[in-house]
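Proteins come first, then strands; the chains are lettered A, B, ... in the order of their sequence lines, and each starts at number 1.
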2 protein chains.
Amino acid sequence: MDMKEKIFEIAQRLIQQRGVNGFSYADIAKEVGVSKPSLHHHFATKTDLIARLMERYTEQLTEYLESRTNLSAQEALNAYFNLYRQNIENERVCMGGMLSTEVLTLDPCIHPLLSRFFNYQQEWLTAILKKGQSDGELKLTKTAEQQACLIIAALQGALIISRAAGNSTFFNQSITGLYTELT
Amino acid sequence: MDMKEKIFEIAQRLIQQRGVNGFSYADIAKEVGVSKPSLHHHFATKTDLIARLMERYTEQLTEYLESRTNLSAQEALNAYFNLYRQNIENERVCMGGMLSTEVLTLDPCIHPLLSRFFNYQQEWLTAILKKGQSDGELKLTKTAEQQACLIIAALQGALIISRAAGNSTFFNQSITGLYTELT
DNA sequence: GTCTATAACGAGATAGAC
DNA sequence: GTCTATCTCGTTATAGAC
């Protein structure tokens, strides 16, 4: 694996666990096994690293969801829930959620990257929900747009609260109810 | 207003807007109009300030909710939603949600304070939902416990995402759907 | 209860050699 | 592409005078 990729993966974990304001270049350098100035060679500033990482994160999400658009609505929804669920056992939260809480401390060039991350999910979910409804596979008690926002908000919030509690109980309670209501 | 109260209010705003790792004693000192060492006289360490502040925050929430336990289930639910909604216009998120994202960087003495904050809300909401169901005032499509977790998670997540987007659209979409489904 | 002065440390970032 | 050395600044916290 090349150096840029190594830096990406360690920085991403640090952000998902501790936040942008909770880690430093020194932390990455220590784990990667190079000096701090070497990191600046690959990413001139911390803001640059965050921006490139958020772009990569969104791209990976897009690929994951696009490759599952042709599944049944129930399976697609399940795949989406699992995307969030896998973070708990690693003591991570979503990078988009983490950066959102820190948004007022971040360089403004990050803001549109955050909007893009959430807008994409909103559109993907809305389409899946509409498909599921017309297929008779999902039951909607509100508009697809409202349900999509609610699902995203619930997953983000449940992940953050569950991770802080140190177990997955809260996440499971929230999402099981949500899923059984829809199916 | 006495000095401790001044410090509390400014520190609370800074945390809700920027996070524990996004502000310093210098920021408070500047706004209060005293020197940094004077702050240490009132709160010996930053961790001490955070802990006292979180206790106060939970106490205020408890008083707010207890005083509304005798309202109708719909009105109580509305009061709870408004508690979260008022943060958006001030560019704040919930202090409990903010500290939860930063939990791995905080002194462990903060952890039980966070658990208490969320456990209390869970119990209060569950009771309200059960009452509303037996009164025929609320419709539940899942257990009261699951619905309570889902509501808390959705409010936290929607607040974080909406605040980052810079408008209340996402929050309103999420919560309007949730409320109309229940009533 | 507030101040000045300062300690001790870690942050992001740069210069310049190899 | 990596290093050592260094800069500048901000951080939490303490000592001790008023």
Side-chain angles (χ1 to χ4, degrees), chain A residues 1-54 56 95 98-99 101-111 113, chain B residues 1-54 56 95 98-99 101-111 113:
Chain A
M1 185 174 27
D2 75 337
M3 183 54 61
K4 245 180 172 125
E5 190 62 19
K6 261 193 197 169
I7 298 171
F8 269 145
E9 292 198 359
I10 288 169
Q12 183 176 324
R13 180 177 56 70
L14 286 167
I15 291 175
Q16 289 187 265
Q17 290 180 334
R18 306 177 54 87
V20 169
N21 297 325
F23 85 100
S24 71
Y25 264 37
D27 296 323
I28 303 177
K30 197 177 167 185
E31 293 202 46
V32 174
V34 296
S35 66
K36 281 196 293 172
S38 297
L39 297 179
H40 283 282
H41 173 76
H42 298 283
F43 301 97
T45 67
K46 197 178 177 183
T47 293
D48 183 43
L49 170 59
I50 309 300
R52 298 295 83 75
L53 194 47
M54 193 61 210
R56 175 177 173 273
M95 193 160 81
M98 184 62 93
L99 264 57
T101 65
E102 300 181 289
V103 71
L104 296 184
T105 72
L106 300 177
D107 188 294
C109 77
I110 306 294
H111 300 181
L113 303 179
Chain B
M1 186 174 28
D2 74 337
M3 184 56 59
K4 245 179 173 129
E5 190 62 19
K6 261 192 196 169
I7 297 171
F8 270 145
E9 292 196 359
I10 288 168
Q12 184 177 324
R13 180 176 56 70
L14 286 167
I15 292 175
Q16 289 187 264
Q17 290 180 334
R18 306 176 55 88
V20 170
N21 297 324
F23 85 101
S24 71
Y25 264 37
D27 296 322
I28 303 178
K30 196 178 168 185
E31 293 203 46
V32 175
V34 294
S35 67
K36 283 194 289 172
S38 297
L39 297 180
H40 283 281
H41 172 75
H42 298 283
F43 301 98
T45 67
K46 197 178 178 183
T47 293
D48 183 43
L49 170 58
I50 309 299
R52 299 296 83 74
L53 195 47
M54 193 61 209
R56 175 177 172 273
M95 194 161 82
M98 183 62 91
L99 264 57
T101 65
E102 300 181 288
V103 71
L104 296 184
T105 72
L106 300 177
D107 188 293
C109 77
I110 305 294
H111 301 181
L113 304 179

Output all residues satisfying side-chain contact (heavy atoms from CB on, under 4.5 Å) with B:H111, sequence neighbours left out; order by chain, then residue number.
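Counting only residues at least two positions away or on another chain, B:H111 forms a side-chain contact (heavy atoms from CB on, under 4.5 Å) with B:V103, B:P108.
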Not counting sequence neighbours, which residues clear ring pair (Phe, Tyr, Trp, His ring centres under 6.0 Å) with A:H42? List them please.
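Partners of A:H42 under the ring pair (Phe, Tyr, Trp, His ring centres under 6.0 Å) test: none.
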By ring pair (Phe, Tyr, Trp, His ring centres under 6.0 Å), which residues pair with A:F23, not counting sequence neighbours?
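Here no residue qualifies.
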Identify, with sequence neighbours excluded, every residue that meets side chain to side chain donor-acceptor pair (under 3.5 Å) alongside B:S35.
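So B:S35 forms a side chain to side chain donor-acceptor pair (under 3.5 Å) with B:S38.
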According to side chain to side chain donor-acceptor pair (under 3.5 Å), who are the partners of A:T45, at least two apart in sequence or on a separate chain?
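Per chain and number, A:T45 pairs via side chain to side chain donor-acceptor pair (under 3.5 Å) with no residue.
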What parts of [range] reach DNA chain C, counting only heavy atoms under 4.0 Å away?
range: residues 24-31 of chain A; answer: A:S24, A:Y25, A:A26
range: residues 33-46 of chain A; answer: A:K36, A:P37, A:H40, A:T45, A:K46
range: residues 15-23 of chain B; answer: none

Any donor and acceptor pair, going by atom type alone, linking the side chain of A:E102 with main-chain N or O of A:G19 inside 3.5 Å?
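No.
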Determine whether [X] and [Y] make a side-chain contact, defined as any pair of heavy atoms from C-beta on separated by less than 4.5 Å.
X: B:V20; Y: B:I110; answer: no
X: A:M54; Y: A:M95; answer: yes
X: B:L53; Y: B:F43; answer: no
X: A:I50; Y: A:I15; answer: yes

Heavy atoms of chain B, cut-off under 4.0 Å: which first and last nucleotide of DNA chain C, 5' to 3', fall inside that, if you could look?
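Both ends considered, the range comes out as C:dG1 to C:dA5.
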Which residue pairs pass the salt bridge (Lys or Arg N to Asp or Glu O under 4.0 Å) test with at least one member in residues 44-53 of chain B, sequence neighbours excluded?
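Non-adjacent pairs meeting salt bridge (Lys or Arg N to Asp or Glu O under 4.0 Å): B:D48-B:R52, B:R52-B:E55.
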Listed once per pair and sorted, the salt bridge (Lys or Arg N to Asp or Glu O under 4.0 Å) pairs that draw on residues 14-38 of chain A, sequence neighbours left out
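Those involving residues 14-38 of chain A are A:R13-A:E31.
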